[in-house]
Amino acid sequence: MVKQTAMSRKLTFLVLAISFLLAAYVVAGAALNRQQHPNEPFEQMNVYQEVMEYIRRDYVTKPNLNEVTDGALHGLLASLDADSSYLSPAEYQAFLQDEKTPHAGSVGLVVTKRMGYAAIVDVTPGSPAARANLMRGDFLESVDHHSTTDLSLVAIRSLLTGRPGTSVQATAVVVHHVQPRELTLQRVKLAKAPLGIHLYPGHIGYIAVPDLRKGRAEQVRKALGMLKHRGARRFILDLRNCGSGSYRQGEELANLFLRDGTITTLQGQTVAKQVIAAQAGKFVTAAPMAVLINAGTFGPAEVTAAALLDNHRTPLIGDQTSGEGSVQKLIPVGDGSAVYLSVADYYTPNGKRIQGRGVKPSIEQVRYAGAMPQADIPFEGMRNTGPDLQLEKALSVVRDETKTAHACPLPQPAGGRYVDASYETRQGA
């Protein structure tokens, strides 16, 4: 008999995993009380059972059906969206431990899942990840010798945090490098990044928001007051690379610039529609403004940007945002595993879903001359990035601008609980 090559075995395993994925869909769908046409699962069950029997009986070696099924369940949840994850019993216990004692150390990365791998959305300036020259757009192929295609997003984020002084091994596929890079990233306690505040000529106040962690909206409110005291009459809110934080902070930040109107809407199949409206008492300024966004504008910052755009409060300048905007529910499963399932999405005031789509700028502008859209970096070989064209465009817009613009907790569901989408919880900030 001809010996099967490693690549052939991988392809065979992939086919088998897909078969199990289909079978798992029926099983998981029933377990999660998914609404389906009543006859469809039963019509297909015989086919799934037949495939499973072929695998058990005819596969080249005796398969470990538990491992295959576990991998298939990971793939099943990951296929829904970037945040939904299957947690094996070990992963679930690690998740619960992380919640009980949040890790103080981090390598400084915000990641999501794209094309099966961990994609870097944001890199904290000055962090170990930044010192390793990782940047948004790079991928982590493996973390601690585990392929990120085999890990849930929850597990990947957990591995990137930990006790300060410990380290994590990673293989990164980076922009402008053909070969993957082997890295050792130390987990450290990251200092909270300050706001970037500047007063430009023409009475233009500039505020760069690095994240939307607890208390950030209040810091912006104070910064607005300080800039107004120094003579600012127009503002630029820079949400580029604002990649972490809580949705509540995103809502409160938008409210600083909105006297009324809808900030966002949250709804799902089993989550009643909830409209988060602006509150006049939290409103600060109606001064002309512009907002800078890019592909690193993630989650809560996307809610802020969409609210200001759809309420005709400000133009958005830059690149399309990342496309993160959902709420997850943690559902324990009988065998000690759990499902981390997206159950509700955030929508713009105009009714557009943010998850998987992002927010488009009203004025598209690359950051540097010669840069690819949404990349923020020039083509390989171009060392001098030059001026920040997005910021220059925003300054031009607010100088010419003459127009002025005119939150509720989720109930806990049965059979599980909602999980705060904030990275504050995940990273112990």
Side-chain angles (χ1 to χ4, degrees), residues 74 78 82-114 117-136 138-172 181-193 210-216 241-247 249 296 298-301 322 324 328 330 338 340 419-429:
H74 276 98
D83 292 296
S84 294
S85 300
Y86 168 75
L87 307 183
S88 67
E91 289 175 331
Y92 182 37
Q93 289 304 311
F95 179 88
L96 294 177
Q97 185 62 34
D98 288 349
E99 282 196 320
K100 186 182 300 182
T101 55
H103 293 310
S106 171
V107 301
L109 289 175
V110 175
V111 298
T112 188
K113 272 287 190 94
R114 289 180 185 150
Y117 290 96
I120 296 175
V121 175
D122 188 35
V123 182
T124 303
S127 66
R131 292 194 294 270
N133 295 317
L134 292 176
M135 63 180 66
R136 178 169 48 79
D138 294 342
F139 286 84
L140 296 182
E141 187 177 61
S142 68
V143 179
D144 265 355
H145 310 293
H146 298 287
S147 171
T148 55
T149 60
D150 299 330
L151 294 172
S152 68
L153 186 57
V154 173
I156 294 168
R157 288 171 173 164
S158 178
L159 287 172
L160 295 176
T161 60
R163 185 166 50 85
T166 61
S167 62
V168 59
Q169 305 297 313
T171 303
R181 295 174 56 203
E182 300 293 335
L183 302 171
T184 299
L185 301 174
Q186 189 175 37
R187 303 180 183 99
V188 300
K189 188 171 183 178
L190 299 172
K192 290 188 177 181
D211 56 60
L212 283 168
R213 301 192 184 199
K214 186 176 181 181
R216 191 64 87 182
N241 302 318
C242 184
S244 59
S246 71
Y247 286 99
Q249 287 295 306
F298 189 78
S322 180
E324 166 74 17
Q328 283 68 48
L330 186 67
Y340 189 72
V419 180
D420 185 1
S422 168
Y423 289 104
E424 299 166 16
T425 300
R426 297 184 188 132
Q427 297 183 353

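From a predicted model like this one, the values you see are computed outputs, not experimental measurements. Throughout, residue positions are numbered sequentially from 1 according to the sequence presented.
Between Arg131 and Leu185, the closest side-chain pair of non-hydrogen atoms is not below 4.5 Å. Within the 4.5 Å cutoff, the side chain of Leu140 has no heavy atoms near those of the Tyr117 side chain. Annotation: side chain of Leu190 is in contact with side chain of Pro128 (closest heavy-atom distance under 4.5 Å). With contacts defined as side-chain heavy-atom distances shorter than 4.5 Å, the pair Val168/Val107 qualifies.
Side-chain N or O atoms of Gln97 include none that pairs as donor or acceptor with a backbone N or O of Ala94 at under 3.5 Å. Side chain of Ser106 to main chain of Gly108: a donor-acceptor pair is present (N/O by atom type, distance under 3.5 Å, no hydrogens or angles). Using modelled atom types, no side-chain atom of Ser142 and backbone atom of His145 make a donor-acceptor pair closer than 3.5 Å. Side-chain N or O atoms of Arg136 include none that pairs as donor or acceptor with a backbone N or O of Ile120 at under 3.5 Å.
With rounding to the nearest 0.5 angstrom, the OG atom of Ser244 is 7.5 Å from the CG atom of Leu212. The line from CD of Glu141 to CZ of Arg181 is 13.5 Å long, rounded to the nearest 0.5 Å. Between the CZ atom in Phe95 and the OG atom in Ser85 there is a gap of 9.5 Å [rounded to 0.5 Å]. The line from CZ of Arg157 to NZ of Lys113 is 10.5 Å long, rounded to the nearest 0.5 Å. Between the CG atom of Leu151 and the NE2 atom of His146 there is a distance of 6.5 Å, given to the nearest 0.5 Å.
You'll find the ring centres of Tyr92 and Tyr340 outside the 6.0 Å limit.
Among residues two or more places apart in sequence or in another chain, the side chain to side chain contact (heavy atoms under 4.5 Å, CB included) test is passed with Gln186 by Val188. Residues passing the side chain to side chain contact (heavy atoms under 4.5 Å, CB included) test with Ala119, sequence neighbours excluded: Thr112, Arg114, Phe139. Here Arg216 pairs with Asp211, Gln219 under the side chain to side chain donor-acceptor pair (under 3.5 Å) rule; sequence neighbours left out. Shown here are the side chain to side chain donor-acceptor pair (under 3.5 Å) partners of Ser127, two or more places apart in sequence or in another chain: there are none. Listed by chain and residue number, nothing satisfies the side chain to side chain donor-acceptor pair (under 3.5 Å) test with Ser167 (two or more places apart in sequence, or in another chain). Qualifying side chain to side chain contact (heavy atoms under 4.5 Å, CB included) partners for Asp122, counting only residues two or more places apart in sequence or in other chains: Val110, Asn241. Under the side chain to side chain contact (heavy atoms under 4.5 Å, CB included) criterion, Asp150 pairs with Ser147, sequence neighbours left out. Residues passing the side chain to side chain donor-acceptor pair (under 3.5 Å) test with Gln93, sequence neighbours excluded: none.
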